[in-house]
S.K.: 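One structure, as structure tokens, below. Some questions next.
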Amino acid sequence: MKLTLIVPCYNEEGNILPLYNKVKETFEEKITDYEFVFINDGSTDRTGAILAALVKTADIPMKVVNFSRNFGKESGIYAGLHYADGEYICVMDGDLQQNPSFLLEMTGYLDDHPDCDCVAAYQENRSESPALIFFKDGFYKIINKISDTEFVMGASDFRTFRRNVAETILNMPEYHRFSKGIFSWVGFNTHYIPYQADDRLTGTTKWSFLKLWKYAFEGILAFSTKPLELPFWGGLGLTGIGLLRTAVAAAKKDDSGKTNGLIALIGGLNMAATGIAGIYLSKTYVQSKGRPVYIAKSVLTNRK
Ligand code: UDP
Ligand code: MG
């Protein structure tokens, strides 16, 4: 199997058949050996029924994974990787915002560049509200400062990658998944291509501002332990200030200054102690994710 298309769907009843037809029409003779893996993520509309009917009549290999409830797109992508048989694997949305013609470009690039492992699309011009752009830009600035993993502005989950990338990601069973970070964390050679997202064919976005906010927070927690370590450094600073203040006040025989200094000193020591616990907790947290200790892309040897 050359290509697997993973399509996470949550209430996409009006988009499934148009998507299926558009992919077929776009691929025609250009890509013939491909399959669909649709994830029905606990949809409450007719998505499940439409997929069940489609899988019976489709002339393209297809798997439909029906979740028991809504688990979120990230879980959908992970499940899709489990069921994918393709040499190349693509994640695309079920609302036709991403034109399947980009898949020809992505797979073509992988064909022509054996050293490239992943082709990811990023939105060059975003037709989002200024408030949303401000919020997203702020998120990328913050996370790139506090995380060792690089987050590329505007990069989406719309990407096509080789099996080795998929298998590596399958080995990362962390529960709170943040794909943008995971794709970046695993490394491999990624080529970015610009794309313009179309409007949703039917239905509405599943992202409210509150959901986006929570998602951004999730990303920071999943890829940085700095918030847990912050009290240690803050506490250290406060301890230093408290010490200095106490010493200066003692020299000046300023009793109230000494009291203030001692309060800062005790507060600082307390905070630093909490921070030390935070540092230990951050190590445990990272360990508990069970991420691979290393990822070897290939091993060369001259032995037979
Ligand atoms: N989706 C999903 N589970 C969810 C939310 C969304 O599988 O809980 C799917 C959705 O059906 C779509 C894709 O994820 O195929 C992207 O969602 P959406 O279009 O709402 O996001 P946007 O394009 O607005 O960022
Ligand atoms: Mg969408």
Side-chain angles (χ1 to χ4, degrees), residues 4-23 36-52 54 62-84 89-100 102-103 120-129 131-137 139-140 151-160 169 175-183 194-219:
T4 298
L5 290 179
I6 297 175
V7 191
C9 298
Y10 178 53
N11 293 347
E12 301 288 3
E13 60 183 4
N15 301 327
I16 306 281
L17 293 178
L19 175 92
Y20 174 77
N21 290 326
K22 183 133 187 198
V23 168
F36 284 96
V37 176
F38 282 103
I39 310 297
N40 172 22
D41 183 14
S43 298
T44 51
D45 66 355
R46 296 194 61 252
T47 298
I50 291 168
L51 285 171
L54 183 62
M62 184 179 295
K63 291 167 195 148
V64 175
V65 183
N66 288 303
F67 279 3
S68 60
R69 62 167 171 85
N70 178 249
F71 280 88
K73 181 183 174 183
E74 297 288 335
S75 310
I77 296 175
Y78 190 63
L81 294 177
H82 268 288
Y83 289 92
I89 294 154
C90 172
V91 176
M92 75 185 295
D93 290 352
D95 56 7
L96 273 171
Q97 280 198 272
Q98 299 150 345
N99 196 314
F102 287 106
L103 296 176
Y122 73 93
Q123 285 198 61
E124 216 170 19
N125 306 306
R126 288 177 289 164
S127 53
E128 291 165 331
S129 70
L132 198 58
I133 290 179
F134 175 79
F135 170 75
K136 286 191 175 175
D137 288 357
F139 166 76
Y140 281 105
F151 290 75
V152 176
M153 181 103 70
S156 64
D157 299 327
F158 182 33
R159 48 181 78 217
T160 304
I169 293 176
Y175 186 79
H176 296 284
R177 306 187 70 78
F178 192 76
S179 287
K180 286 181 183 47
I182 290 176
F183 277 115
Y195 93 108
Q196 184 70 44
D198 297 332
D199 287 338
R200 231 177 196 283
L201 190 68
T202 69
T204 50
T205 175
K206 311 307 181 280
W207 292 100
S208 62
F209 198 73
L210 185 69
K211 261 189 157 178
L212 266 180
W213 181 259
K214 281 189 185 159
Y215 186 63
F217 205 62
E218 198 71 71

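We count ligands from 1, going down the list as the structure has it; atoms in each ligand are counted the same way.
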S.K.: Nearest protein heavy atom to atom 6 (C) of ligand 1, by residue and atom, and its distance?
M.R.: Lys206 CG, 3.5 Å

S.K.: Give me the nearest non-hydrogen protein atom to atom 10 (C) of ligand 1 as residue plus atom name, then the distance to 0.1 Å.
M.R.: Glu12 OE2, 3.1 Å

S.K.: What residue and atom, counting heavy atoms only, is the protein's closest point to atom 8 (O) of ligand 1, and at what distance?
M.R.: Asn70 ND2, 3.0 Å

S.K.: Quiz question: by atom type and distance under 3.5 Å, do the side chains of Ser179 and Glu74 form a donor-acceptor pair?
M.R.: yes

S.K.: Closer than 2.8 Å to the Mg ion (ligand 2), do we get an N, O or S atom from Asp93, backbone or side chain?
M.R.: no

S.K.: Within the structure, is a non-hydrogen atom of Gly76 found at a distance of less than 4.0 Å from ligand 1?
M.R.: no

S.K.: Let me know which of Phe135, Phe139, Phe178 forms a ring-ring contact (aromatic ring centres under 6.0 Å, His included) with Tyr215.
M.R.: Phe178

S.K.: Do the side chains of Thr160 and Met92 get nearer than 4.5 Å, heavy atoms only?
M.R.: no

S.K.: With atoms numbered from 1 as shown, which atoms in ligand 1 lie under 4.0 angstrom from a non-hydrogen atom of Gly94?
M.R.: 12 (C), 15 (O)

S.K.: To which protein heavy atom is atom 14 (O) of ligand 1 closest, and what is the distance rounded to 0.1 Å?
M.R.: Lys73 CD, 3.3 Å

S.K.: Verify salt bridge (charged side-chain N to carboxylate O under 4.0 Å, His left out) between Arg200 and Asp93, making sure each step is shown before the conclusion.
M.R.: CA-CA 10 Å; Arg200 231 177 196 283; Asp93 290 352; over 6 Å; no

S.K.: Tell me which protein heavy atom sits closest to atom 1 (N) of ligand 1, plus the residue, atom name and distance to 0.1 Å.
M.R.: Tyr10 CB, 3.8 Å

S.K.: Any idea which protein heavy atom is nearest atom 23 (O) of ligand 1, and the distance to it?
M.R.: Gln97 OE1, 2.7 Å

S.K.: Considering only protein heavy atoms, which is closest to atom 18 (P) of ligand 1, and at what distance to one decimal place?
M.R.: Arg200 NH2, 3.6 Å

S.K.: Under 4.0 Å from ligand 1, counting heavy atoms only, is it the side chain of Asp93, its backbone, both or neither?
M.R.: both

S.K.: If only atom types and distance count, is the side chain of Thr205 paired as donor or acceptor with the main-chain N or O of Trp207 below 3.5 Å?
M.R.: yes

S.K.: Does ligand 1 have a heavy atom under 4.0 Å from the side chain of Val7, from its backbone, from both, or from neither?
M.R.: neither

S.K.: Tell me whether the Mg ion (ligand 2) has Gln97 as a neighbour, meaning an N, O or S atom of it below 2.8 Å.
M.R.: yes

S.K.: Mark up the atoms of ligand 1 that fall under 4.0 Å of a heavy atom belonging to Trp207, in ascending order.
M.R.: 20 (O), 21 (O), 22 (P), 24 (O), 25 (O)

S.K.: Quick check on side-chain contact (heavy atoms from CB on, under 4.5 Å): which of Ile6, Leu19, Val65, Ile50 does Phe38 satisfy it with?
M.R.: Leu19

S.K.: At less than 4.0 angstrom from any non-hydrogen atom of Asp95, what atoms of ligand 1 do you find?
M.R.: 19 (O), 23 (O)

S.K.: Are Asp41 and Pro8 side-chain neighbours, meaning at least one heavy-atom pair lies under 4.5 Å?
M.R.: no

S.K.: Side chain of Asp95, backbone of Gln97: donor and acceptor closer than 3.5 Å?
M.R.: yes

S.K.: Tell me if a side-chain donor or acceptor on Asn66 pairs with a main-chain N or O of Asn40 at a distance below 3.5 Å.
M.R.: no

S.K.: Around atom 24 (O) of ligand 1, find the nearest protein heavy atom and jot down its residue, atom name and distance.
M.R.: Thr205 OG1, 2.5 Å

S.K.: Select one of side chain, backbone, both or neither to describe which atoms of Cys9 lie under 4.0 Å from any atom of ligand 1, heavy atoms only.
M.R.: backbone

S.K.: Please name the atom of Asp95, limited to N, O or S, that comes nearest to the Mg ion (ligand 2).
M.R.: OD2

S.K.: Counting distance only, does the side-chain N/O of Thr47 pair as donor-acceptor with the main-chain N or O of Glu13 below 3.5 Å?
M.R.: yes

S.K.: Parallel under 30°, tilted from 30 to 60°, perpendicular over 60°: which one fits the rings of Phe67 and Phe71?
M.R.: perpendicular

